[in-house]
Amino acid sequence: MNTTPHAIRAKLRKDMPTRAAYSSDASLFRRVPAAVLEPSSAQDVLDGIAYARERGWSIVGRGGGSSVAGNAIGDGLVIDTSRYFNRILNIDLEAKTATVEPGVICDQLRDAAAPHGLTYGPDPSTHSRCTIGGMVANNACGSHSVAYGTSADNLVDITLALADGREVTFNTDGCDDPQLHDALSALYTENQELIQRELGRFPRQVSGYGLHYLGTDMAKAIAGSEGTLGVITRMTVRLVDKPKHTALAVLSFADVFAAADAAPKLRQPGVATIEGMGGDLLDALRSKNGQEHAGENLPGQPHAGGWLYCETEGDTLEEAIAAAEALTTTVEHTGAVVVSDHAEARALWRIREASAGTVTRLPDGGEAWPNWEDSAVPPENLASYLRGLYDLMDTYGYRGIPFGHFGEGCVHVRISFDFHSTEGITNFNNFMNDAATLVTKHGGSLSGEHGDGRARSSLLHTMYSPEMRAIFEEFKLLFDPQRIMNPGVLVWADAVTDGLRMEPAQRAHEITPVQLFPRDNGSFTDAVNRCVGVSACRSMDGAMCPSFQITHDEIHSTRGRARILSELFRGETITGDDAESALDLCLSCKACASECPVNVDMATYKAEFLNDHYAGRVRPRVHYLMGWLPILSHIAHKLPLVPRITNWALHAPVVSTAVAKLGGVDTGRPLISFAPESLQKWARKRSGADGGAAGSRERIVLWPDSFNNKLNTGPARAAVETLEMLGYEVIIPEGFVCCGLTWHSTGQLAMTRRVLEHSAHVLKPYLDQGLQVVALEPSCTVMLQHDATTQTADPAVRELAEATHTFAEIVAPKIQALVAEGKVRKHSGSILTQVHCHEKSLGDPQQSSLILAALGYDEEQIQTGCCGLAGNWGFEDGHAEMSLELGERELFPRVREHDGPVVADGFSCRTQVEQGTGTQAQHVAEIVRDVLREELG
């Protein structure tokens, strides 16, 4: 008989895309759950547990899913508290505590406490998306643990929902269930000598259960239990005073061993962090998107072998700076810098915080993976342990880049394991066992803050005696006698090779790509495997991922989509239709291509998938209408009066609705219009005018993209006039040229390649003369500069990519010179800028900012990334509502409030602003043209 309430059954998600999205976390492991529950209350959790028990399912609690040890996955019921069970219930200013539900994000709590001069001490590098519940479950720490300790150290009380349906609270007084309290007390008393001998030897020993806390604070003994005892429903955590002032001392060393040797000597009063990084980390960061200057402010560049980040605190800025400067004389080093400016310090910290993702790609592009990423030793043993770890990696032919909390002896490293062959997996297993033996010989712990999970639980026999492991099992059974809570973790553990996500079976139905994927060995699967799950795409900061920031649904995160594609390649669970539905809300905004620490480019993956999915099939109507828009508009402008007749049809109430429905376009927003006259025709009509004297000026080619050529020619005409006033002869190629973007975004890749190759050869005569090509539309510019060369190996396309520059890149130095020479005066006023998402991700919006600054304008930029229209996406049926909702995040309200010009170089951005607010945004070329007309005549 089914006794579970109907309400909870209705909340369960059993669809295959959801289950696939939750099949992994940030670890190497894969478990496809039977269902996912997103509770909004403790009762929902209890009802979900009852439902799972009725079906014999295992149960695992999950927060942000940023676990690199595989603690947050299971093949039964996954209870995700992050979406709805995430309220801050109380902040007690007198007691300096906060009572929270488990799904509260770390930064959410820190932001709520900040106005009161308080903060939450533990701060993992995933603080923008990890949950307090997940942090406590794994006993996470973060960079400031030197000052504030682990999650256990900051836990006041905790309530668990147990497998038998009870809710039990633990605190310093023990447990509010008398029977369980007595059993736990007896367990500790009977084994106190052994517990004191083997547990709690140094702060970062988090492997196994924290039984050493049972005698003083049962709540802390629950921390680090990794969901194996129950599901957290509430916690009270300690808050600490937010430092009044901080400074950052960055010390460089000859190698990482010297940094490790120096770290424990820097543990002094007022020092809150002692973070270490290996020298190769900066090389890996530079290889990401070609960032040659990454970390250029670090001392000892470019040859330092290791660094320590030491943050100091003080009641005054002078005290914090003095403490930081004192550290530079405490140990020998090869260079040092002290930073007190907040922005400079944040820029340096971002290098450290990006480490977990960055080092999954080695400087040469090779893959590196977690699993031995969290070992810890007493700090005084760190240098010796690191030397041994490097020797062990050499023995196996592995490479890795260490970073971590050196001041507490904790090392994070991603290692170049091979999961493509049986031999590679055997070597991986052997290495894990040898590494466990090595860290144990150094008095260390398999895990320093991530928990053991499926990564290391089976290796606990190297670290703990059989007697201690038997006590662990007894402890687990007091809570969960049927062993249904996160089985396979800590006790009765899964083997380290059990259920690897990247085993050879992942490639059973691999899609042979049309795109080149040059950074991923030409493999679509390798490209998707860039997603290691660090979950930056679940952050509410930055531009990634817009659809997740609206829905808060794991499916609509970049990670969720990557997991679904990975399952598709297996051919076991996901169909092409499932994958298409999951990718439907991907805007192809490319924010992930830069904000993801490993440059997952879901726009490119979506294009590849759609190309394969619709091979030999009829496509959605909107793919033909919007995908082929460049050719349709080119044909329209070949026929007299057709653009004007078409515009009438597209905006006549009855006709426009019919056209929209016929073309698969959402009727919730107006359709676009054609320009009455194309840019190319306008240019032909004015040939021989002021700018046309051949040979008298420097020649430059203006790329006639379809948007500025056929839909709205105002920005392009302004660009031509501006370039002419700056002394250029502007050449606009005749005939049809296009970057292929609309075909690419709709997954019509053969046509993308044909269009690119055709266009490159149209421009070949100009390229052979060494002429520069100026592009106006940011999405087309990024397509030409970055994506074009991943579509075809045609040398002409590569030449075109290398010759292409943005309008602002060409114009900025000219405007700066005119202002410096007094030929153009500075203006005043405020300009609001919506940077196109592609330019924000892969371009250089700073060039436009330089122009506006030179002209004297005070620029404010929209910070939320994509405007929400995203080219064809916002016009597709079913997308208009979310598209406009994305605009309401920041763009529309700021435009409505702004008194002054709005700059949006993207055609889509200008369309979105107009349709959402009624305001006419301008291209920066129009701003510059108007100024030069006024100043130069």
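In this chain, residues are counted from 1 in sequence order. Note that the coordinates shown come from a computational prediction; the quantities given were computed from them, not determined experimentally.
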Check your understanding: Can you name the residues that form a side chain to side chain contact (heavy atoms under 4.5 Å, CB included) with Thr233, not counting sequence neighbours?
Key -> Ala42, Val45, Phe85, Thr159, Ala161, Glu167

Check your understanding: Any side-chain heavy-atom pair from Leu490 and Phe472 closer than 4.5 angstrom?
Key -> no

Check your understanding: With a 4.5 Å heavy-atom cut-off, do Asp434 and Tyr396 have their side chains touching?
Key -> yes

**Study point:** Distance-only polar pair, side chains of Gln791 and Thr752, donor-acceptor under 3.5 Å
**Key:** no

Exercise for review: Could you walk me through whether Arg414 and Glu373 pass the salt bridge (Lys or Arg N to Asp or Glu O under 4.0 Å) test, one step at a time?
Suggested key: CA-CA 6 Å; Arg414 305 295 174 103; Glu373 86 302 320; 6.0 Å; no

Study note, to complete from the structure: Checking Asp578, Ile564, Leu610, Leu565 against Leu583 for side-chain contact (heavy atoms from CB on, under 4.5 Å), the one that qualifies is Leu565

Review point. Quick one: OG on Ser27 to CD1 on Ile73, what's the gap to the nearest 0.5 Å?
Key: 4.5 Å

Review point. Considering residues at least two apart in sequence or located in another chain, which fulfil the salt bridge (charged side-chain N to carboxylate O under 4.0 Å, His left out) criterion with Arg454?
Key: Asp494

Check your understanding: Should Trp57 and Tyr51 be marked as a ring pair (Phe, Tyr, Trp, His ring centres under 6.0 Å) after you check the CA-CA gap, both sets of side-chain angles, and the distance that decides it?
Key -> CA-CA 9 Å; Trp57 291 348; Tyr51 184 91; 5.6 Å; yes

Review point. Taking atom types as modelled and ignoring hydrogens, do the side chains of Asp787 and Gln515 form a donor-acceptor contact shorter than 3.5 angstrom?
Key: no

Exercise for review: Apply side-chain hydrogen bond (donor to acceptor under 3.5 Å, both in side chains) to Ser82 and Arg538, showing your working.
Suggested key: CA-CA 10 Å; Ser82 66; Arg538 287 177 54 94; 2.9 Å; yes

**Study point:** Least distance between heavy atoms, Leu587 atom then Cys866 atom
**Key:** CD2-SG, 3.7 Å

Exercise for review: Kindly state whether the ring of Phe524 and the ring of Phe609 have centres lying under 6.0 angstrom apart.
Suggested key: no

Review point. Taking the six-membered ring of Tyr22, is the NZ or CZ of Arg19 close enough (under 6.0 Å from the centre) and on axis enough (within 45°)?
Key: no

Review point. How about Trp369 and Phe428: are their ring centroids closer than 6.0 Å?
Key: no

**Study point:** Check: Gly664 main-chain N/O paired with Asp877 side-chain donor or acceptor under 3.5 Å
**Key:** no

Exercise for review: Could I get the full list of salt bridge (charged side-chain N to carboxylate O under 4.0 Å, His left out) partners for Arg483, not counting sequence neighbours?
Suggested key: none

Practice item. Taking the side chain as every heavy atom from C-beta outward, state whether Ile232 and Leu160 have any atom pair closer than 4.5 Å. Key: yes

Review point. Looking at residues at least two apart in the chain, or sitting in another chain, which of them share a side chain to side chain contact (heavy atoms under 4.5 Å, CB included) with Cys130?
Key: Ser66, Cys106, Pro124, Thr126, Met135

Point to revise | Nearest non-hydrogen partners of Ser24 and Arg501, listed with the distance | key: OG-NE, 3.3 Å

Practice item. Indicate the atoms forming the closest heavy-atom contact of Val534 with Arg129, along with that distance. Key: O-NH2, 2.9 Å

Point to revise | side-chain hydrogen bond (donor to acceptor under 3.5 Å, both in side chains) assessment of His879 paired with Asp584 | key: CA-CA 9 Å; His879 293 171; Asp584 180 56; 3.1 Å; yes

Practice item. Using side chain to side chain donor-acceptor pair (under 3.5 Å) as the criterion, list what pairs up with His412, not counting sequence neighbours. Key: His405, Glu449

**Study point:** Validation row: Met393, Arg399 side chains within 4.5 angstrom (heavy atoms)
**Key:** no

Point to revise | Under 3.5 Å: donor-acceptor pair, side chain of Tyr209, backbone of Gly224 | key: no

Check your understanding: Quick one: salt bridge (charged side-chain N to carboxylate O under 4.0 Å, His left out) partners of Glu608, sequence neighbours excluded?
Key -> none

Check your understanding: Just wondering, do Val598 and Val600 contact through their side chains at under 4.5 Å, heavy atoms?
Key -> yes

Review point. So do the side chains of Arg456 and Ser207 get within less than 4.5 Å of each other, counting heavy atoms only?
Key: no

Point to revise | Sub-6.0 Å ring centroid separation between Tyr614 and His623 | key: yes

**Study point:** Between Thr746 and Gln748: side-chain donor-acceptor atoms closer than 3.5 Å
**Key:** yes

Practice item. Taking the side chain as every heavy atom from C-beta outward, state whether Lys590 and Cys837 have any pair of such atoms under 4.5 Å apart. Key: no

Practice item. List in chain and number order the residues that pass side chain to side chain donor-acceptor pair (under 3.5 Å) with Asp577, two or more places apart in sequence or in another chain; answer none if no residue qualifies. Key: His613

Review point. Can Arg30 and Glu572 be said to form a salt bridge (Lys or Arg N to Asp or Glu O under 4.0 Å), step by step?
Key: CA-CA 13 Å; Arg30 168 184 179 265; Glu572 299 172 6; 3.2 Å; yes

Practice item. Mind jotting down which residue pairs meet the salt bridge (Lys or Arg N to Asp or Glu O under 4.0 Å) criterion with at least one end in residues 64-85? Sequence neighbours excluded, please. Key: Glu38-Arg83, Arg83-Asp553

Point to revise | Partners passing side chain to side chain contact (heavy atoms under 4.5 Å, CB included) against Thr789 (at least two apart in sequence or in another chain) | key: Arg798, Ala801

Practice item. Verify whether one side chain among Tyr84 and Ser41 offers a donor that lies under 3.5 Å from an acceptor in the other. Key: no

Exercise for review: List the atom of Asp480, the atom of Ala163, and the distance in Å for their closest heavy-atom pair.
Suggested key: OD1-CB, 3.7 Å

Point to revise | Closest heavy-atom pair and its distance - Ala52, Ile59 | key: CB-CG1, 3.6 Å

Review point. Which of these passes side-chain contact (heavy atoms from CB on, under 4.5 Å) with Met544: Ser841, Ser557, Cys596, Ser539?
Key: Cys596

Check your understanding: For Glu510, which residues count as a salt bridge (charged side-chain N to carboxylate O under 4.0 Å, His left out) partner, sequence neighbours excluded?
Key -> Arg507

Practice item. Check whether any side-chain heavy atom of Cys586 lies under 4.5 Å from a side-chain heavy atom of Arg561, and answer yes or no. Key: yes

Practice item. Kindly write out the residues that satisfy side chain to side chain contact (heavy atoms under 4.5 Å, CB included) with Val60, not counting sequence neighbours, or none if the list is empty. Key: Val78, Asn486

Check your understanding: Is the closest side-chain donor-acceptor distance between Asp15 and Thr18 under 3.5 Å?
Key -> yes

Review point. Is the number of heavy atoms from other residues, nucleotides or ligands under 6.0 Å of Glu881 CD greater than 12?
Key: no

Practice item. Classify the side-chain pair Ser447/Asp452 by whether it contains a donor and acceptor separated by less than 3.5 Å. Key: yes

**Study point:** Glu503 with Arg570: basic N within carboxylate O range, under 4.0 Å
**Key:** yes

Point to revise | For Thr558, all residues meeting side chain to side chain donor-acceptor pair (under 3.5 Å), sequence neighbours excluded | key: none

**Study point:** Chi angles and distances behind the side-chain hydrogen bond (donor to acceptor under 3.5 Å, both in side chains) call for Asn139, Glu226
**Key:** CA-CA 8 Å; Asn139 201 7; Glu226 304 183 36; over 6 Å; no

